[in-house]
Amino acid sequence: MKKIPAKLITAVVAIILATIAVNAQSHYLANLTVGVKAGADISRMFFNPGVNQALKPGATAGVSFRYVEEEHFGLIAELNWVQRGWKENFEGAPYRYSRTLNYLQLPILAHIYFGRRGRFFFNAGPEIGVLLAESTSANFNPAEMATLPDFPNTNRMNVQMTLKAKHRFDYGISAGLGAEFNVTPKHAVAFEARFYYGLGNLFSSERTAPFSGSNSMAVSATLGYLFRLR
């Protein structure tokens, strides 16, 4: 019987050890999860020059798709309906005005989590949105505010109340923290608090425009249901 070369034995052992190492690192099974969520948000606009505002309450709801291929990391795509906008602060004057902006938004988020049956997670990534509709609520006619004798027309910007949205496309960055709890191996509930900062302007930012900046900010809290497909 011929003697097996030592180099061949070494090569076979190396291949076996490498295979064991790869299997040890790939023991995690990828999973796909779908979900629905709903909740509330508060928002405002960052105008330049500034506008005196209060936070405006709104609502949000949507569906999500989550793919996790490696332990502790995955990707999330969502399709959400959100209400954003702003509410004017008249500092004691008997007037009220708010603008509601309804968006269809698509966030693509990195999903980092820790834990198994109950997990804590961090989501972050870019978001794009399309303005579906805008509406105003006021106890006066904004087109006639210059004729109101006690309307605060000095030392404040008022033109934003009569401007219509110039840019219907929005984009920005989202980041959120939350917790997820498994009810069964395939069913889970999740709570998330998320912050959004818009990078696109609502109004024109040309040199002759009233505002050089008009981007949005929102904070939301949602409760969701998740179902694991595989």
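Values below: every heavy atom of this structure, side chains too, minus hydrogens, waters and symmetry copies.
- The heavy-atom pair separating Thr33 from Asn31 by the smallest distance is OG1-OD1, 3.6 Å.
- Put simply, the side chain of Ser214 gets close to the backbone of Phe203: a donor and an acceptor are under 3.5 Å apart.
- In terms of heavy-atom proximity, Pro49 sits nearest to Pro210 at CD-O, 3.4 Å.
- Looking at Asn215, its side chain does come within 3.5 Å of a backbone N or O of Gly198 through a donor-acceptor pair.
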**Stepwise side chain to side chain contact (heavy atoms under 4.5 Å, CB included) check, Ser216 with Leu202** = CA-CA 8 Å; Ser216 63; Leu202 179 67; over 6 Å; no
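- In this structure, Arg99 is not positioned above the aromatic face of Tyr97 in the sense of NZ or CZ being under 6.0 Å from the six-membered ring centre and within 45° of the axis.
- Heavy-atom minimum distance, Leu226 versus Ser64: CD2-OG, 4.1 Å.
- When all heavy atoms are compared, the tightest approach of Ala179 to Phe121 is N-CE2, 3.4 Å.
- Every side chain to side chain contact (heavy atoms under 4.5 Å, CB included) that Leu75 has, sequence neighbours left out, goes to Phe73.
- Looking only at distances, no side-chain donor or acceptor of Asn123 sits under 3.5 Å from a matching main-chain atom of Ser174.
- Residues Tyr197 and Tyr171 share a single hydrophobic cluster, defined by chaining ILVMFWY side chains whose heavy atoms lie under 4.5 Å apart.
- A donor-acceptor pair is defined here as one N or O able to donate and one able to accept, closer than 3.5 Å; such a pair exists between the side chain of Arg168 and the backbone of Leu131.
- Under the rule for a side chain to side chain contact (heavy atoms under 4.5 Å, CB included), the partners of Phe65 that lie at least two apart in sequence or sit in another chain are Val34, Val63.
- Counted by atom type alone, Tyr103 and Asn80 present zero donor-acceptor pairs between their side chains at under 3.5 Å.
- Within the model, atoms CE of Met161 and CG of Asn141 stand 11.0 Å from one another, a figure rounded to the nearest 0.5 Å.
- Linking ILVMFWY residues whenever their side-chain heavy atoms come closer than 4.5 Å, directly or via other members, leaves Phe46 and Met157 in distinct clusters.
- By the 4.5 Å heavy-atom criterion applied to side chains, Val82 and Ser220 are not counted as neighbours.
- In this structure, CE in Met217 is found 7.0 Å from CD1 in Ile42, a value given to the nearest 0.5 Å.
- Leu104 has its side chain within reach of Leu79: a pair of non-hydrogen atoms, C-beta onward, lies under 4.5 Å apart.
- Counting only N and O atoms by type, the side chains of Tyr225 and His187 include a donor and acceptor under 3.5 Å apart.
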**Prompt:** Passes ring-ring contact (aromatic ring centres under 6.0 Å, His included), Phe122 versus Phe114? Steps please.
**Reply:** CA-CA 9 Å; Phe122 171 72; Phe114 302 94; 9.9 Å; no
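- The cluster map of Ile, Leu, Val, Met, Phe, Trp and Tyr, joined by side-chain heavy atoms under 4.5 Å apart, puts Tyr95 and Trp86 in the same cluster.
- When the shell of 6.0 Å around CD1 of Ile173 is examined, it contains 12 or fewer heavy atoms from other residues, nucleotides or ligands.
- Thr60 contributes a side-chain N or O that, together with a main-chain N or O of Trp81, makes up a donor-acceptor pair within less than 3.5 Å.
- To the nearest 0.5 Å, atom CG of residue Leu229 and atom CG of residue Leu32 are 5.0 Å apart.
- Side-chain atoms of Lys56 and Thr100, non-hydrogen and from C-beta on, do get closer than 4.5 Å to each other.
- Distance check: Thr184 OG1 to Phe227 CZ gives 8.0 Å after rounding to the nearest 0.5 Å.
- Lys87 and Ser137 share no donor-acceptor pair across their side chains, judged by distance under 3.5 Å alone.
- Counting only heavy atoms from C-beta outward, the side chains of Ser205 and Phe211 never approach each other to under 4.5 Å.
- The environment of NZ in Lys166 is sparse: at most 12 heavy-atom neighbours from other residues, nucleotides or ligands sit within 6.0 Å.
- With a 6.0 Å radius and a threshold of 12 heavy atoms from other residues, nucleotides or ligands, Phe120 has its CZ atom at or below the threshold.
- Among residues two or more places apart in sequence or in another chain, the salt bridge (Lys or Arg N to Asp or Glu O under 4.0 Å) test is passed with Arg194 by Glu78, Glu192.
- Distance alone, capped at 3.5 Å, is enough to place a donor-acceptor pair between the Gln83 side chain and the Ala59 backbone.
- Using cut-offs of 30° and 60° for the angle between ring planes, the Phe90 and Phe140 rings count as perpendicular.
- Gln53 has its side chain out of reach of Gln160: every pair of non-hydrogen atoms, C-beta onward, lies at least 4.5 Å apart.
- Judged by a 6.0 Å distance limit and a 45° cone about the ring axis, Arg84 is positioned over the six-membered ring of Tyr196.
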**Item:** Candidate pair Asn89 and Glu91, rule side chain to side chain contact (heavy atoms under 4.5 Å, CB included), full reasoning
**Value:** CA-CA 6 Å; Asn89 182 358; Glu91 299 181 326; 4.0 Å; yes
